[in-house]
Protein chains: 2
Amino acid sequence: MQEHEIIFEAFLEKQGLKYTKARKLILEIVFKLHEHFDVEYLYDLIHQVSKDVSRATVYRTIPLMVEAGLIQRSVRSESRDKYEHIYGHPRHSHWVCKNCGLVIETDIQDLMKLVQSEAKTQNFQIDEVNLTVRGICWKCRNNANESQ
Amino acid sequence: MQEHEIIFEAFLEKQGLKYTKARKLILEIVFKLHEHFDVEYLYDLIHQVSKDVSRATVYRTIPLMVEAGLIQRSVRSESRDKYEHIYGHPRHSHWVCKNCGLVIETDIQDLMKLVQSEAKTQNFQIDEVNLTVRGICWKCRNNANESQ
DNA sequence: CTCTTATTGAGAATGAATCTCATTTAACAG
DNA sequence: CTGTTAAATGAGATTCATTCTCAATAAGAG
Ligand SMILES: [Mn+2]
Ligand SMILES: [Mn+2]
Ligand SMILES: [Zn+2]
Ligand SMILES: [Zn+2]
């Protein structure tokens, strides 16, 4: 049994919830992914494996995985919420290109120090840190320059 | 004529768009506000002053003000997008309490230095920086402790 | 004024996310 | 096993913020 399964099962147990077939499968597929994903994309993947899991159950399972600390809401794009692993993945920032949609990720070790010291002075319990920068990536900047 | 009007009018001009009655009124009401606002809230305020501005026009004017650098999308809450001034307001982070909904804002001077140096190495043009921290505020933490 | 193009209001359409409810399943005690 | 109880589920309806359509109007240049 993999780490994330142990964590999820323990979480469910503690909440008096059941580690069902559907939840097992959803978790499994989520942890095979290594990109940002939205619910529709996830549902399609799951549906390829089993027709027995409904969209509603996928939607219902996501907040459970979030609460369990396994995934988090990431960049929202094309009007859909997107998610990504946090368990086993270093915290990072997102740099979104408004022009081509590219998403770059960078480490936020240094940032976290600032955030944590601020949290201390405010006595704020941090659950989730989200740094998103929007603008134009180097490629699109170059293209823009060339075409002048 | 106020700064933000000058900026908006110049922006529209440059885009070949017109500084109409409706846009004037929307801008005016937006800059009387000094809180985070969503479209519905803004529309209600506008509607009190004039019945002649439709919801559609409010929705259409917001991205124009964003593009003009006057406002930006802020924290999303209760499923609605929220906005806030950026013109004349220092950049700041948002600390959202998951329990009571409180939003605290803090300065991000130090953070911006990090972000800007990262942008330099990536050759990324920054349009918008969003730092949001979610968790539990000091008040809710105290309440939780007391009730044990 | 006349023309051209942008703008507008009203309401329809879209679509992600949530909800409802009848049915099924998990878990557990006997 | 069997019966009991509460949680979970699928299918589809519903919600509701946002976007779109389109006919009518306004702005602005000449
Ligand atoms: Mn990421
Ligand atoms: Mn703010
Ligand atoms: Zn790009
Ligand atoms: Zn709070």
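The sequence lines fix the lettering, A, B, ..., with proteins before strands; numbering per chain opens at 1.
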Looking at B/R134 and A/D127, is there a salt bridge between them, counting it only when a charged N and a carboxylate O are closer than 4.0 Å?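 Not counted as a salt bridge, because no side-chain N and carboxylate O are separated by less than 4.0 Å.
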If you measure from the Lys or Arg side-chain nitrogens to the Asp or Glu carboxylate oxygens, is any gap between A/E40 and A/R55 under 4.0 Å?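 Yes, charged N to carboxylate O under 4.0 Å.
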Please write out the pairs of protein N or O atoms and N or O atoms of nucleotides 5-9 of chain D separated by less than 3.5 Å, giving the distance to one decimal.
residue	atom	partner	partner atom	Å
D/dA7	O4'	A/K18	NZ	3.3
D/dA8	OP1	A/K18	N	3.0
D/dA8	OP1	A/R23	NH1	2.4
D/dA8	OP1	A/R23	NH2	3.2
D/dT9	OP1	A/T20	OG1	2.6

Hydrogens and angles aside, do [X] and [Y] bring a side-chain donor and acceptor to less than 3.5 Å of each other?
{"X": "A/E84", "Y": "A/H92", "result": "yes"}
{"X": "A/Y41", "Y": "A/E35", "result": "yes"}
{"X": "A/E128", "Y": "A/N130", "result": "no"}
{"X": "A/Q72", "Y": "A/Y83", "result": "no"}

Have a look at the helix from C/dC1-D/dG30 to C/dG30-D/dC1 and give the angle its two end axes make, five pairs each, rounded to 10 degrees. 30°
[X] [atom1] to [N] [atom2]: how many Å, rounded?
{"X": "B/F37", "N": "D/dA17", "atom1": "CZ", "atom2": "C1'", "answer": "16 Å"}
{"X": "A/E78", "N": "C/dG15", "atom1": "CD", "atom2": "P", "answer": "12 Å"}
{"X": "B/E9", "N": "D/dG28", "atom1": "CD", "atom2": "C1'", "answer": "13 Å"}
{"X": "B/R55", "N": "C/dA10", "atom1": "CZ", "atom2": "P", "answer": "11 Å"}
{"X": "B/L25", "N": "C/dT7", "atom1": "CG", "atom2": "P", "answer": "17 Å"}
{"X": "B/R80", "N": "D/dT19", "atom1": "CZ", "atom2": "C1'", "answer": "16 Å"}

Please figure out whether A/E13 or A/V39 has its closest DNA chain C nucleotide nearer the 5' end.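 Counting from the 5' end, the first nearest nucleotide belongs to A/V39.
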Does anything in residues 40-49 of chain B come within less than 4.0 Å of DNA chain C? Heavy atoms only, and list the residues if so. none
So, OP1 or OP2 of C/dT18: does either fall under 4.0 Å of a side-chain N or O from A/Y59? no
Verify the cluster assignment for A/V129 and B/L102: are they in a single hydrophobic cluster under the rule of side-chain heavy atoms below 4.5 Å apart?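 Per the 4.5 Å side-chain linkage, A/V129 and B/L102 are co-clustered.
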For A/R23 and A/I26, indicate whether the former's side chain and the latter's backbone hold a donor-acceptor pair under 3.5 Å. no
Which part of the nucleic acid does A/D81 contact within heavy-atom distance under 4.0 Å: base, sugar-phosphate only, or nothing?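 Touches sugar-phosphate only.
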Closest approach of B/C140 and B/I136, non-hydrogen atoms and distance? CB-CG2, 3.5 Å
Run the ring-centre check on B/H94 versus B/H36 and record whether the distance is less than 6.0 Å. yes
Is it the case that more than 12 heavy atoms not belonging to A/K24 sit under 6.0 Å from its NZ atom? no
